[in-house]
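For reference, the structure is listed below as structure tokens.
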Amino acid sequence: MKTSLILGMTFLTVSLYASETMYSSGVKNLYEASDSNAVKGRLLPTSKVTVVEKNSDKSKIEIEGFMKAGVSNAIYFVKGKRILVAGLAKNGKFDVKKLSTSKDENGVEWDKVVLTAYTKNDNLSKDLKPLYDKAEDLFKNNCSICHPIHPVSEFTANQWPSMFKAMENRTAIPKQERYLVTQYLQKHAKDMKGE
């Protein structure tokens, strides 16, 4: 009876979170298996994940994105732009399924993929808007101290990281929040309309 009850509660817990869309609110470690403690990748803030299964301390997640053909250690938000979703260890053995292949406007080949990984249950949000609101506040309240604030649409997604990096040490933005601000800037850049 106890075994049936435990199995039933485990199934219910796993079922409640099956196929739930979540967003990373901070940089998160990625693991190859639920029982592994070896970090084999990092998930960046505002990245969308599908929670396939949730256990007591880790969730099994799927991450969809684009990998440049022949490069297996980075997943990007869209093809042709350096908006990193996840960075993976070169020796990582994640389950990566290729969905399709296409070329960007420069003729570079990209694979649309789904990566299956595990991550701890913390720092996942059901709503993306509060994350973008926080990033926008950090950007506006820190980057307008020395000069007029740059409109988010002033630079492209590929230009924003170096623009922000050149100034980030002059701000009071905590180091752990800098990726959040960079992701916000890139995903709202002038060439990201409707992405």
Side-chain angles (χ1 to χ4, degrees), residues 20-28 30 41-51 61-88 96 98-115 117 119 123-144 147-171 173-195:
E20 184 176 20
T21 298
M22 303 287 280
Y23 301 90
S24 57
S25 59
V27 176
K28 294 185 57 56
L30 295 175
R42 299 258 196 277
L43 182 68
L44 272 69
T46 74
S47 296
K48 178 180 171 181
V49 301
T50 301
V51 177
I61 60 171
E62 291 181 342
I63 305 163
E64 192 171 301
F66 293 86
M67 285 183 158
K68 192 174 179 181
V71 180
S72 61
N73 64 336
I75 297 178
Y76 295 93
F77 183 61
V78 292
K79 62 184 176 183
K81 302 203 179 8
R82 294 186 313 258
I83 305 173
L84 193 62
V85 170
L88 310 173
V96 180
K98 182 163 65 167
L99 303 176
S100 63
T101 301
S102 60
K103 292 184 179 180
D104 64 21
E105 61 274 3
N106 296 316
V108 176
E109 196 169 281
W110 293 83
D111 297 326
K112 186 171 186 179
V113 299
V114 173
L115 174 132
T119 191
N123 295 324
L124 288 172
S125 171
K126 291 183 181 183
D127 192 0
L128 187 57
K129 187 177 179 336
L131 302 177
Y132 283 153
D133 289 346
K134 179 180 180 180
E136 182 180 25
D137 287 345
L138 285 166
F139 175 65
K140 287 182 175 177
N141 293 331
N142 284 277
C143 297
S144 63
H147 55 77
I149 195 76
H150 290 279
V152 179
S153 61
E154 183 174 344
F155 300 107
T156 67
N158 288 348
Q159 290 171 327
W160 263 121
S162 59
M163 296 302 295
F164 182 66
K165 189 164 185 64
M167 298 292 173
E168 69 185 8
N169 287 331
R170 299 177 191 176
T171 71
I173 299 173
K175 282 189 176 186
Q176 67 271 20
E177 304 290 356
R178 291 177 182 176
Y179 279 118
L180 175 66
V181 175
T182 302
Q183 288 283 310
Y184 162 75
L185 294 170
Q186 287 189 285
K187 290 178 180 176
H188 291 84
K190 73 178 176 184
D191 58 344
M192 289 301 293
K193 304 279 189 238
E195 297 285 348

Requested in this report: Please round to the nearest 0.5 Å and tell me the distance separating atom NZ of Lys81 and atom CG of Asp191.
Outcome: 4.5 Å
Query raised in the report: Mind checking what makes ring pair (Phe, Tyr, Trp, His ring centres under 6.0 Å) contact with Tyr76, not counting sequence neighbours?
Result: Trp110
Query raised in the report: Partners of Lys190 by salt bridge (charged side-chain N to carboxylate O under 4.0 Å, His left out), sequence neighbours excluded?
Result: none
**Report entry** Note, Ser25 side chain near Leu124 side chain (heavy atom, < 4.5 Å)
**Finding:** no
Query raised in the report: Would you call the rings of Phe155 and His150 parallel, tilted or perpendicular if under 30° counts as parallel and over 60° as perpendicular?
Result: tilted
Name every donor-acceptor pair, under 3.5 Å, that has one atom in a side chain of residues 63-74 and the other anywhere in the protein, sequence neighbours excluded.
residue : atom : partner : partner atom : Å
Glu64   : OE2  : Lys112  : NZ           : 3.3

**Report entry** Under the side-chain contact (heavy atoms from CB on, under 4.5 Å) test, residues paired with Thr119 that sit two or more places apart
**Finding:** Lys28, Leu30, Ile61
Query raised in the report: Between the main-chain N or O of Pro174 and the side-chain N or O of Glu177, is there a donor-acceptor pair closer than 3.5 Å?
Result: no
Requested in this report: Apply salt bridge (charged side-chain N to carboxylate O under 4.0 Å, His left out) to Lys140 and list each qualifying residue two or more places apart in sequence or on a separate chain.
Outcome: Glu136
**Report entry** Flag side-chain contact, heavy atom, 4.5 Å: Thr21 against Lys48
**Finding:** yes
**Report entry** Minimal non-hydrogen separation, Ala157 against Ala189, with atom names
**Finding:** N-CB, 3.3 Å
Query - Any donor-acceptor pair under 3.5 Å from Gln183 side chain to Leu84 backbone - result: yes
Query raised in the report: Does Phe139 reach the side chain of Val152, with side-chain heavy atoms less than 4.5 Å apart?
Result: yes
Query - Separation of Leu43 CG from Ile75 CD1 (nearest 0.5 Å) - result: 9.0 Å
Query raised in the report: Distance-only, no hydrogens or angles: does the Arg82 side chain make a donor-acceptor pair with backbone N or O of Asn158 under 3.5 Å?
Result: yes
Query raised in the report: What residues form a side-chain hydrogen bond (donor to acceptor under 3.5 Å, both in side chains) with Lys129, not counting sequence neighbours?
Result: Asp133
Query raised in the report: Looking at residues at least two apart in the chain, or sitting in another chain, which of them share a side-chain hydrogen bond (donor to acceptor under 3.5 Å, both in side chains) with Ser125?
Result: none
Query raised in the report: Below 4.5 Å, heavy atoms only, C-beta onward: do Glu20 and Lys126 meet side chain to side chain?
Result: yes
Query raised in the report: Checking Lys187 against Phe77: charged group under 6.0 Å from the ring centre and within 45 degrees of the axis?
Result: yes
Report task. Test Val85 against Leu115 for side chain to side chain contact (heavy atoms under 4.5 Å, CB included), laying out the working first. Result -> CA-CA 11 Å; Val85 170; Leu115 174 132; over 6 Å; no
Query raised in the report: Got a donor-acceptor contact below 3.5 angstrom from the Asp104 side chain to the Asn106 backbone?
Result: yes
Query raised in the report: With Glu62, which residues qualify under side-chain hydrogen bond (donor to acceptor under 3.5 Å, both in side chains), at least two apart?
Result: none
Query raised in the report: Is there any side-chain hydrogen bond (donor to acceptor under 3.5 Å, both in side chains) pair reaching into residues 160-171, and which pairs are they, with sequence neighbours excluded?
Result: Asn169-Arg178
Query - side-chain hydrogen bond (donor to acceptor under 3.5 Å, both in side chains) partners for Glu109, two or more places apart - result: none
Query raised in the report: Can you tell me how far CG of Leu185 sits from CG of Leu180, rounded to the nearest 0.5 angstrom?
Result: 9.5 Å
Requested in this report: Applying side-chain contact (heavy atoms from CB on, under 4.5 Å), name anything that partners Ser102, two or more places apart in sequence or on another chain.
Outcome: Lys79
**Report entry** Donor-acceptor under 3.5 Å (Ser24 side chain, Leu44 main chain)
**Finding:** yes
Query - Thr182: side-chain contact (heavy atoms from CB on, under 4.5 Å) partners, not counting sequence neighbours - result: Pro161, Phe164, Gln186
